[in-house]
Chemist: 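Before I ask anything, here is the structure I am working with.
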Amino acid sequence: MSQPIGSPVSIGNLDASQLGPQPTHLPEDHPDVEAKSRIDAGEEPLDVAHDLPASSLAWALLADEAFDEGRKVDSYAYARVGYHRGLDALRQAGWRGAGPIPYAHEVNRGFLRALYALGRAAASIGEAEEAARVEKFLRESDPEAIDRIAADLR
């Protein structure tokens, strides 16, 4: 079978979609699942972060609250914690620093929201280079993530 060199459809027994890093999905027992349930039930993000410190979602929501109140440095700090907690969880789920982190997988959303909050807060305190790196990371994780998160925040 002949195929164009620049865009193979298969290599050996592999389909081209199987080449490169596969999407990472945080597990259904990740703390963000319980955090979302508790927040949806009306608990405060501060209490949820206290009880579930590995939850990226709780830290992202704290970052959102601080940002909305004009506490940009606090927002940055909360978002950074959520981001690092998410990186730890992604690595445990098999992520190796590259590849999709789909927004469509609900458990991934806490990490992506923390990353979004980090970029927004970084930009607000004059960290333009970090904000650009975060935006690139978000777009590489899921090209729709920024728009979806921004819509969720409205």
Side-chain angles (χ1 to χ4, degrees), residues 7 16-154:
S7 56
S17 67
Q18 295 171 305
L19 303 175
Q22 295 300 299
T24 300
H25 298 96
L26 290 173
E28 295 299 325
D29 65 349
H30 185 272
D32 278 353
V33 174
E34 182 180 345
K36 182 175 183 337
S37 176
R38 290 175 60 176
I39 289 164
D40 287 350
E43 286 190 53
E44 292 296 321
L46 186 62
D47 296 329
V48 176
H50 175 271
D51 294 344
L52 300 168
S55 167
S56 290
L57 178 62
W59 293 106
L61 293 174
L62 286 170
D64 290 345
E65 286 179 3
F67 191 86
D68 291 345
E69 294 170 1
R71 297 181 294 120
K72 310 301 188 204
V73 173
D74 292 349
S75 179
Y76 181 83
Y78 287 136
R80 184 157 286 290
V81 172
Y83 163 75
H84 281 287
R85 292 302 186 131
L87 285 179
D88 292 343
L90 286 166
R91 288 182 185 115
Q92 289 173 358
W95 186 74
R96 296 292 173 252
I101 304 168
Y103 183 85
H105 182 65
E106 192 166 343
V107 187
N108 289 351
R109 292 180 187 175
F111 168 73
L112 295 169
R113 282 198 58 177
L115 186 56
Y116 178 93
L118 180 60
R120 180 184 59 198
S124 77
I125 63 171
E127 291 285 339
E129 288 181 21
E130 182 172 18
R133 283 191 305 272
V134 167
E135 181 178 350
K136 182 178 185 234
F137 187 1
L138 267 169
R139 292 203 187 283
E140 289 174 352
S141 297
D142 186 330
E144 298 178 11
I146 291 173
D147 294 336
R148 300 279 306 272
I149 294 167
D152 288 348
L153 294 175
R154 288 189 194 117

Chemist: Below 3.5 Å, can you tabulate the donor-acceptor pairs from side chains in residues 86-100 to any protein atom, sequence neighbours excluded?
Modeler:
from, atom 1, to, atom 2, distance (Å)
Trp95, NE1, Ala98, O, 3.4
Arg96, NH1, Arg91, O, 3.3

Chemist: Nearest 0.5 Å, please: how far is CD1 in Ile149 from CZ in Arg154?
Modeler: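 Result: 12.0 Å between the selected atoms.
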
Chemist: Working to the nearest 0.5 Å, report the span between CD of Glu44 and NE2 of His50.
Modeler: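 Spacing of CD (Glu44) from NE2 (His50) equals 14.5 Å.
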
Chemist: Heavy atoms only: give me the nearest Gly82-Ala114 pair and the separation to one decimal.
Modeler: C-CB, 3.6 Å

Chemist: Report yes or no: does Ser75 contribute a side-chain atom to a donor-acceptor pair with the main-chain N or O of Arg71 at less than 3.5 Å?
Modeler: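 Flag not set: sc Ser75 to bb Arg71 has no pair under 3.5 Å.
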
Chemist: Would you check if the side chain of Asp74 reaches a backbone N or O of Ala66 as a donor-acceptor pair within less than 3.5 Å?
Modeler: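 A pair under 3.5 Å: no.
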
Chemist: Checking side-chain polar atoms at under 3.5 Å, does Asp32 have a donor or acceptor matched by the opposite partner on Ser55?
Modeler: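 Checked: Asp32/Ser55 side chains pair up, N/O donor to acceptor below 3.5 Å.
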
Chemist: At their closest point, which heavy atom of Glu130 faces which heavy atom of Tyr76, and how far apart are they?
Modeler: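 That closest heavy-atom pairing would be OE1-OH, 2.6 Å.
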
Chemist: Do other residues, nucleotides or ligands put more than 12 heavy atoms under 6.0 Å from the CD atom of Glu69?
Modeler: yes

Chemist: Answer yes or no: is there a donor N or O on one side and an acceptor on the other, between the side chain of Arg85 and the main chain of Ser56, under 3.5 Å?
Modeler: no

Chemist: Write down the atom of Glu28, the atom of Val33, and the distance for their closest heavy-atom approach.
Modeler: O-CG2, 3.2 Å

Chemist: Within a strict 4.5 Å, meaning less than it, do heavy atoms of the Asp142 and Ile101 side chains meet?
Modeler: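 Side chain of Asp142 against side chain of Ile101, heavy atoms only: no contact under 4.5 Å found.
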
Chemist: Going by side chain to side chain contact (heavy atoms under 4.5 Å, CB included), name the residues that satisfy it together with Ala49, two or more places apart in sequence or in a different chain.
Modeler: Ala58, Trp59, Leu62

Chemist: Ignoring hydrogens, what is the shortest heavy-atom contact between Leu52 and Pro31? Give both atom names and the distance.
Modeler: CD1-O, 3.9 Å

Chemist: Quick one: pull up OG1 in Thr24 and CD in Gln22 and give me the separation to the nearest 0.5 Å.
Modeler: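 The CD atom of Gln22 is 9.0 Å from OG1 of Thr24, to the nearest 0.5 Å.
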
Chemist: Quick check for you: to the nearest 0.5 Å, what is the distance between Arg113 atom CZ and Arg120 atom CZ?
Modeler: 8.5 Å

Chemist: How many angstroms lie between CD1 in Ile39 and CG in Leu61, if you round to the nearest 0.5 Å?
Modeler: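 The CD1 atom of Ile39 sits 4.5 Å away from the CG atom of Leu61.
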
Chemist: Atom OH in Tyr103, atom CG in Asp147: separation rounded to 0.5 Å?
Modeler: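 Going from the OH atom of Tyr103 to the CG atom of Asp147 covers 11.0 Å.
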
Chemist: So do the side chains of Asp29 and Glu34 get within less than 4.5 Å of each other, counting heavy atoms only?
Modeler: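 No - every pair of side-chain heavy atoms lies 4.5 Å or more apart.
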
Chemist: Side-chain contact test, heavy atoms from C-beta onward, threshold under 4.5 Å: evaluate it for Lys36 versus Val107 and give yes or no.
Modeler: no

Chemist: Does Ser124 reach the side chain of Phe67, with side-chain heavy atoms less than 4.5 Å apart?
Modeler: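 Yes, their side chains come closer than 4.5 Å.
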
Chemist: Quick one: do Tyr78 and Asp64 satisfy side chain to side chain contact (heavy atoms under 4.5 Å, CB included)? Show the steps, please.
Modeler: CA-CA 9 Å; Tyr78 287 136; Asp64 290 345; over 6 Å; no

Chemist: Please determine whether a side-chain nitrogen of the Lys or Arg among Asp51 and Arg38 lies less than 4.0 Å from a carboxylate oxygen of the Asp or Glu.
Modeler: yes

Chemist: Kindly indicate whether the side chain of Leu57, heavy atoms from C-beta on, has any atom under 4.5 Å from the side chain of Arg109.
Modeler: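 They are not in contact (no side-chain heavy atoms under 4.5 Å apart), so the answer is no.
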
Chemist: If the plane angle is over 60° it's perpendicular, under 30° parallel, otherwise tilted; pick one for Tyr83 and Phe111.
Modeler: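 It falls in the parallel class, under 30°.
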
Chemist: Please find the pair of heavy atoms, one from Leu138 and one from Ile146, that lie closest to each other, and give the distance.
Modeler: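 Result for this residue pair: CD1-CG1, 3.7 Å.
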
